[in-house]
S.K.: 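Sharing a structure, written as structure tokens. Questions coming.
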There are 2 protein chains.
Amino acid sequence: MKYNELDLYYQFINNAVQGVDTMKNELETSNIKEKFHQFGYKYTEQRRLILNVLLENPDLHLSSEDIYEYFKMKKIDISQSTVYRTLIVLEKMKIVRKVNLDDGFTRYELFSPDEDHAHHHLICTECGSITDIKNDLLEDLERQILDDYDFEIKDHCLKFFGLCKKCRNQK
Amino acid sequence: MKYNELDLYYQFINNAVQGVDTMKNELETSNIKEKFHQFGYKYTEQRRLILNVLLENPDLHLSSEDIYEYFKMKKIDISQSTVYRTLIVLEKMKIVRKVNLDDGFTRYELFSPDEDHAHHHLICTECGSITDIKNDLLEDLERQILDDYDFEIKDHCLKFFGLCKKCRNQK
DNA sequence: ACCTTATTTTTAATCATTTCAAATTTTTTG
DNA sequence: CAAAAAATTTGAAATGATTAAAAATAAGGT
């Protein structure tokens, strides 16, 4: 297993140290259990652990592999396929959303209920840092596309590649 | 080998029938050969054939697999690895550009020298059709990101998912 | 507690892509 | 033009992320 050049993994380790023991975020444990049941899923210990890592690291864009490696480091036994399948379950429950950061991994981020569309990402090609952009700013463009192409937009995906503040200053 | 649900392959077959015998586009044969040499590459028959398929189908977003299957159908012997490696060569020569249409394949499109940034794509989630959007319309947003985040944008990737004209009318 | 059903685990399979060694072709050079 | 050097192609095997399958285990309802 190789980590990508983005060093996301180490960023992750440093941030997620207490990732499995607390439960913050607007979702509370009882609600979560109920939410699983609403979708016809069981709220298992593995799913709780995986969801917690995600909730504890809202700024990271973790891959299945990242999460699996984290548990391995923590000596918590969860199989790879469970992580994969749980992420799919969480996606169906609209708790997480897939993000493609063009690094060969399927990554996930928490789904913010206040955004109807996916938010954008700034990807630094130098250090690999990822920054979320919350404001949409695409309404005009989307209206124009409906007018010009008769295309009804349901969702979008916008990534910017370039140099982040830090890397610009180091030049 | 399975084709994706987008049916790009059949679209491709229907469009590319004379894909290997003619040479149009602004690049002429002699120029192309020279361009390969400028980059230190040899202009082989296989590379000529592959490039021609791309030039003949400027509106398709072909994968390595698509091109390989096309040759197979045409009884032209070119190995899969040659197609893969040639596409990488063509990318380095800035003749094609990678496009990720989120269907699990690495696809390529002709690089238009008149566009400094990648153009956008409309992806119909119903029929899988892909439409290129040539106008950029992102300048304002990019200026704002430079101001707000101190992020220097080099390139971008914008995809819209939704319903195309045809599929909208069929509802 | 028991029974049904979903979930986890482990292992093996898949699928796109890459790599490798050997064979072939292209370009260079004598 | 022929031979050597270098790049390319080939076909097969390897890789790496992801998925599937069967057996073992755990949840939730009665």
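In what follows, chains carry the letters A, B, and so on, assigned in the order in which the sequence lines appear, proteins first and then strands, with residues in each chain numbered from 1.
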S.K.: A:I88 has a side chain; which of C:dT8, D:dT19, D:dT10 sits nearest to it?
M.R.: D:dT19

S.K.: Please work out if B:E45 contacts a base, only the sugar-phosphate, or nothing of the nucleic acid, heavy-atom cut-off 4.0 Å.
M.R.: nothing

S.K.: Has the side chain of A:S81 got a donor or acceptor atom sitting under 3.5 Å from an opposite partner on the base of C:dT10?
M.R.: yes

S.K.: Is the B:H117-B:H119 ring centre distance short of 6.0 angstrom?
M.R.: no

S.K.: In whole angstrom, give the distance that lies between atom CG of A:D66 and atom P of D:dA17.
M.R.: 11 Å

S.K.: Tell me whether the side-chain N or O atoms of A:K42 pair up with the base of C:dT5 as donor and acceptor below 3.5 Å, since no angle test is needed here.
M.R.: yes

S.K.: Separation of A:K33 atom NZ from D:dG29 atom P, in whole Å?
M.R.: 9 Å

S.K.: At less than 4.0 Å, is any side-chain N or O atom of B:T82 found next to OP1 or OP2 of D:dT8? Yes or no.
M.R.: no

S.K.: Okay, side chain of B:D132, backbone of B:K134: is any donor-acceptor separation there less than 3.5 Å?
M.R.: no

S.K.: Could you check if a side-chain atom of B:I145 sits within less than 4.5 angstrom of a side-chain atom of A:L122, using non-hydrogen atoms only?
M.R.: yes

S.K.: Would you mind classifying the nucleic acid contact of B:S63 as base, sugar-phosphate or nothing, using non-hydrogen atoms under 4.0 angstrom?
M.R.: nothing

S.K.: Please give, in whole Å, the distance from C:dA12 C1' to A:Q80 CD?
M.R.: 13 Å

S.K.: Can you check the A:E65 CD to D:dT18 P distance for me, whole Å?
M.R.: 8 Å

S.K.: Should the pair B:E152-B:K154 be classified as a salt bridge under the 4.0 Å nitrogen-to-oxygen rule?
M.R.: yes

S.K.: Which class fits the ring pair A:Y43 and A:F36: parallel under 30°, tilted 30 to 60°, perpendicular over 60°?
M.R.: tilted

S.K.: On the nucleotide C:dT25, are OP1 or OP2 found under 4.0 Å from the side-chain N or O atoms that B:Q46 carries?
M.R.: no

S.K.: Is any side-chain N or O of B:T44 closer than 4.0 Å to OP1 or OP2 of D:dA7?
M.R.: no

S.K.: Under 4.0 Å between a side-chain N/O of B:R85 and OP1 or OP2 of D:dT9, yes or no?
M.R.: yes

S.K.: Just how far, in rounded Å, is C1' of C:dA16 from CG of B:D102?
M.R.: 15 Å

S.K.: Is there a donor-acceptor contact under 3.5 Å from the side chain of B:T82 to the main chain of B:I78?
M.R.: no

S.K.: Identify the heavy atoms of A:K159 and A:C157 that sit nearest to each other, and give their distance.
M.R.: CE-SG, 4.0 Å

S.K.: Run the side-chain donor-acceptor check on residues 92-100 of chain A: report pairs under 3.5 Å with partners two or more places apart or on a different chain.
M.R.:
from	atom 1	to	atom 2	distance (Å)
A:R97	NH1	A:D155	OD2	3.3
A:N100	OD1	A:D102	N	2.8
A:N100	ND2	B:D102	OD1	3.3

S.K.: Calculate the interatomic distance between A:D77 atom CG and C:dT10 atom C1'; express it in whole Å.
M.R.: 12 Å

S.K.: Rounding to a whole Å, what distance do you find between B:F36:CZ and C:dT27:P?
M.R.: 11 Å

S.K.: For DNA chain C, whose closest nucleotide is more 5', that of A:I78 or that of B:S64?
M.R.: A:I78

S.K.: Look at the side chain of A:Y84 and decide which nucleotide, out of D:dG28, D:dT18, C:dT18, has an atom nearest to it.
M.R.: D:dT18

S.K.: Select base, sugar-phosphate, or nothing to describe what B:R47 touches, counting heavy atoms under 4.0 Å on all strands.
M.R.: sugar-phosphate

S.K.: Using the C1' atoms of the five pairs at each end, what is the angle between the end axes of the helix from C:dA1-D:dT30 to C:dG30-D:dC1, to 10°?
M.R.: 30°

S.K.: Rounded to the nearest angstrom, tell me the gap between atom CZ in B:F105 and atom C1' in D:dA17.
M.R.: 15 Å

